[in-house]
Amino acid sequence: MNDLYKKEVRTALVSWFEEEKRDLPWRKTKDPYKIWVSEVMLQQTKVDTVIPYYERFIAKYPSLESLASAEEGELLKEWEGLGYYSRARNLQAGVKEVVESYGSVVPSNRKEISKLKGVGPYTAGAVLSIAYGVPEHAVDGNVMRVLSRLLLIKEDIAKPKTKKIFEEAVMELIDKENPSAFNQGLMELGAVICTPTKPKCLLCPVREYCTAFFEGKQEELPIKTINKKTKIHKMKAIVVEAKDGRILLEKRPSKGLLANLWQFPMVELPTNSHSVEETIAHYYGISMIKSEEIIAFKHIFSHLVWEMESYEALLIEENNLPANCKWFTKEEIEYQPMPVPVLKIWNAWKERNL
DNA sequence: AACCCGGGGCG
DNA sequence: CGCCCAGGGTT
């Protein structure tokens, strides 16, 4: 890359961004805390989904201090549906560190900000450049895709080592006068123009500098090796209502998938020798007089699929429950953060019974 | 370096 | 329905 090429690329990118950028809530502020929150949410979810979550979250927790002192259950309820719940916990842990050890000022250098829980190389660079105007790289999947095409980088982006190549490329190209617009411009380009499939090259502000476009290879980049196969778990869940109207919930293990969240009692299929209802009733030590299928759906994420069916059941008598089970009033359930598949069961059940 | 962690969207 | 997307933490 010669100096003229670099200058022309960053000028074209930054002016395009300033001109065309989408009007997003977190682009109205330079508050490092709010930028931080938005970046954590955007790591896992598309912009359109994040917007309402971000608005509610900032309204409820407008400052570092308010989030630091938040009750965890309430925090997770705000996060409900976003997934990756450990990131909400890590975000709060990081925010607490800032309040307690940095006088409520988010650090403005990579070394210190990277010590915060949940702040990795990407988030560090994003907050530093966007909130503080520090010329630091913020390489995410969008940036790797854009640069692999622009500079015809053929390394496998699935390999951890490869990210360093892109970080160095960003540090060479970055606009030191406006690192915020430069980094956001790369990501915006990846989001709206330089998309994974069918990139809109004819609308691209840096098309004339794009090596892959010149060679007609933009659809072949980036190179990425395939990921692993999906595991399938078929589950059946039941909604058990006691005579006093309370509902039985079970707490998930403290580690692993959806750690510590509450769900309806469920068993993995197939069950042999007994019906699903009998198996569940036996396992949880309860009795049921009827069960009826009300909903079926599946829940997908990168390496696992649940196929769940919900049953409703009626409790005749309470026996000794497993230690991780508890009766909740219907009101209490509304304040309980739950996985989306469990929520769907609950909403379907309510629609039929309340 | 490999694996784990949700949920949504697309063809 | 199969497939893709993605950054940080843990092992």
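The sequence lines fix the lettering, A, B, ..., with proteins before strands; numbering per chain opens at 1.
- Between A/Lys46 and A/Gly118, the residue anchored closer to the 5' end of DNA chain C is A/Lys46, taking for each the nucleotide with the nearest heavy atom.
- At a threshold of 4.0 Å, the pair A/Lys60-A/Glu74 counts as salt-bridged, since one of the basic side-chain nitrogens sits closer than that to a carboxylate oxygen.
- A/Ser180 and A/Gln184 share a donor-acceptor pair across their side chains, judged by distance under 3.5 Å alone.
- Among C/dT10, B/dG6, B/dG7, the nucleotide with an atom closest to any side-chain atom of A/Gln44 is B/dG6.
- The side chain of A/Thr45 approaches B/dG6 more closely than any other nucleotide in the set B/dG6, C/dG8, C/dC5.
- Taking the side chain of A/Lys198 as heavy atoms from C-beta on, and the options C/dG9, C/dG8, B/dG11, the nearest nucleotide is B/dG11.
- The listed nucleotides are B/dG7, B/dA1, C/dG8; the one nearest the side chain of A/Pro121 is C/dG8.
- As a whole-Å value, the separation of A/Arg145 CZ from C/dC4 C1' is 11 Å.
- Here A/Thr197 lies out of heavy-atom contact (under 4.0 Å) with every strand.
- The separation between A/Leu257 atom CG and B/dC4 atom P is 11 Å, rounded to whole Å.
- Spacing between atom CG of A/Leu42 and atom C1' of B/dG8 amounts to 14 Å, rounded to whole angstrom units.
- Counting to the nearest Å, the P atom of C/dC5 and the NZ atom of A/Lys224 are 4 Å from each other.
- Judged by closest nucleotide on DNA chain C, A/Pro196 is the one of A/Pro196 and A/Ala124 placed further toward the 5' end.
- Separating the P atom of B/dG6 from that of C/dT11 is a span of 15 Å, rounded to the nearest Å.
- A/Val119 comes within 4.0 angstrom of the backbone, heavy atoms only, and of no base.
- When ring centroids are compared, A/Phe328 and A/Trp262 come within the 6.0 Å threshold.
- In A/Lys30, the NZ atom is not crowded: 12 or fewer heavy atoms of neighbouring residues, nucleotides or ligands sit closer than 6.0 Å.
- A/Gln218 has its side chain within reach of A/Pro199: a pair of non-hydrogen atoms, C-beta onward, lies under 4.5 Å apart.
- For the pair A/Ser86 and C/dG9, the criterion of a side-chain N or O lying under 4.0 Å from OP1 or OP2 is not met.
- Place A/Tyr53 and A/Gly256 on DNA chain B by their nearest nucleotides, and A/Gly256 ends up nearer the 5' end.
- For A/Asn90, counting side-chain heavy atoms from C-beta on, the closest listed nucleotide (C/dG9, C/dG8, B/dG6) is C/dG9.
- Regarding A/Leu91, its CG atom lies at a distance of 13 Å from the P atom of C/dG8, rounded to whole Å.
- Between the CG atom of A/Asp48 and the P atom of B/dG9 there is a distance of 8 Å, given to the nearest Å.
- Across all strands, A/Lys159 comes closer than 4.0 Å to no nucleic acid atom at all (heavy-atom distances).
- Between B/dG8 and C/dG9, the distance separating the two C1' atoms is 23 Å to the nearest Å.
- Per the geometry, NZ belonging to A/Lys344 stands 9 Å off P belonging to B/dG7, to the nearest Å.
- At whole-Å resolution of the value, CG in A/Leu82 and C1' in B/dG8 are 11 Å apart.
- No donor-acceptor pair under 3.5 Å is formed between the side chain of A/Arg246 and the backbone N or O of A/Lys326.
- Nearest to the side-chain atoms of A/Tyr122 among the listed nucleotides C/dC5, C/dG8, B/dG8 stands C/dG8.
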